[in-house]
Amino acid sequence: MTEQLRKFFSDGTTDEIAKKLLGKLLVYHSTAGVMSGYITETEAYLGVKDTTAHAFAGKRTPSNEPLYGVPGTVYIYSIHSRLCLDIATQAKDIPEGILIRGIQPVQGIELMEQNRAKHGFDLTNGPGKLMEALDITDKQMNLLEFGDTKLDIDLAHSKTPEKIISTGRIGVSTQGSWSEKPYRFIVAGNPYVSKVTKRDMNLTTYGWK
DNA sequence: CGGCGGATGAACT
DNA sequence: GTTCATCCGCCGA
């Protein structure tokens with residue numbers, strides 16, 4: 001991984017990094033071709049003190065080991081028979097991370113439509129959905145770093161959100177105050193975001209400047 | 001178009 | 001056996 005990327009994933013707090021990640025280009029070099037999309041929705045998980053995080057209270061197992069890796073480590077995990085994509089943030093052994101929950105397709109849209117057998121905003125407006133669209137079906141890239149595997153974050157080709165909205169995180173246990181903390185970040189008006197209503201979509205600008 | 005419940009499988013206890 | 005950082009389709013308005 002480049003020095004610039006490593007710095008990106010360790011400068012500032014994890015919730016700040018999650019916000020900065022909106023609009024950056026996620027790139028996947030699959031054997032079938034290149035697919036990419038602008039990141040539209042993220043969630044920050046703040047490690048050992050965060051009751052909703054996989055590494056809460058220092059929990060460490062083979063599955064969540066990538067969270068303990070260097071900034072920019074790929075963390076793929078399965079949940080309800082789906083896969084989700086995380087990026088480890090902060091220095092090695094600090095188990096914080098960011099879940100990528102939505103992307104707006106840029107390259108390889110036809111490939112994604114084949115992989116998902118869906119089209120339109122349903123293609124990539126959820127963490128499990130975007131993994132199916134990219135056709136990532138196993139955890140082989142775990143512990144590798146963005147830029148050193150088929151996955152990359154392109155900081156140069158990015159868009160700037162007009163407005164960022166923060167909400168509570170989706171699908172986490174409703175017990176405890178951490179579930180209500182505003183650590184989910186979305187590009188306001190972008191249609192490739194989970195649980196967004198048609199009324200809230202801005203189909204002219206998609207929420208970018 | 002929003003709310004709700006069932007499917008589903010890996011990982012941990 | 002239980003627990004999920006999910007998705008989809010059905011149903012009612």
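Reminder, nothing fancy here: chain letters follow the sequence lines and each chain counts from 1.
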Student: Give, for atom NZ of Lys159(A) and atom NZ of Lys209(A), the distance between the pair rounded to the nearest 0.5 Å.
Tutor: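 If we round to the nearest 0.5 Å, Lys159(A):NZ and Lys209(A):NZ are 12.5 Å apart.
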Student: Decide, applying a 5.5 Å centre-distance limit and a 30° plane-angle limit (both strict), whether Tyr77(A) stacks on dA5(C).
Tutor: no
Student: Which is more 5' along DNA chain B, the nucleotide nearest Ser81(A) or the one nearest Ser63(A)? Just name the residue.
Tutor: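 Here Ser81(A) is the residue nearer the 5' end.
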Student: Could you tell me the separation between the CD atom of Glu96(A) and the P atom of dA5(C), rounded to a whole number of Å?
Tutor: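 My rounded result for the distance is 17 Å.
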Student: For Thr61(A), which contact category applies under a 4.0 Å heavy-atom criterion: base, sugar-phosphate, or nothing?
Tutor: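 Sugar-phosphate only.
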Student: In this structure, how many angstroms lie between the P atom of dT6(C) and the NZ atom of Lys195(A), rounded?
Tutor: 8 Å
Student: For Arg101(A) and dA5(C), what is the distance between atoms CZ and P respectively, to the nearest whole Å?
Tutor: 11 Å
Student: Testing Leu26(A), Leu5(A), Val27(A), Val106(A) one by one against Asp154(A) for a side-chain contact (heavy atoms from CB on, under 4.5 Å), which residue passes?
Tutor: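 Result: among Leu26(A), Leu5(A), Val27(A), Val106(A), Val27(A) is the only option passing the side-chain contact (heavy atoms from CB on, under 4.5 Å) with Asp154(A).
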Student: Closer than 4.0 Å, any side-chain N/O of Arg169(A) to the OP1 or OP2 of dT6(C)?
Tutor: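 Answer no for this pair, as no side-chain N or O of Arg169(A) is under 4.0 Å from OP1 or OP2.
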Student: Taking the minimum atom-to-atom distance to the side chain of Tyr75(A), which one of dT6(C), dC8(C), dA5(C) wins?
Tutor: dA5(C)
Student: Do Phe8(A) and Ile17(A) make a side-chain contact, defined as non-hydrogen atoms from C-beta onward lying under 4.5 Å apart?
Tutor: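 A side-chain contact under 4.5 Å exists here.
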Student: Give me the first and last nucleotide of DNA chain B, going 5' to 3', that has any atom under 4.0 Å from a heavy atom of chain A.
Tutor: dC1(B) to dC12(B)
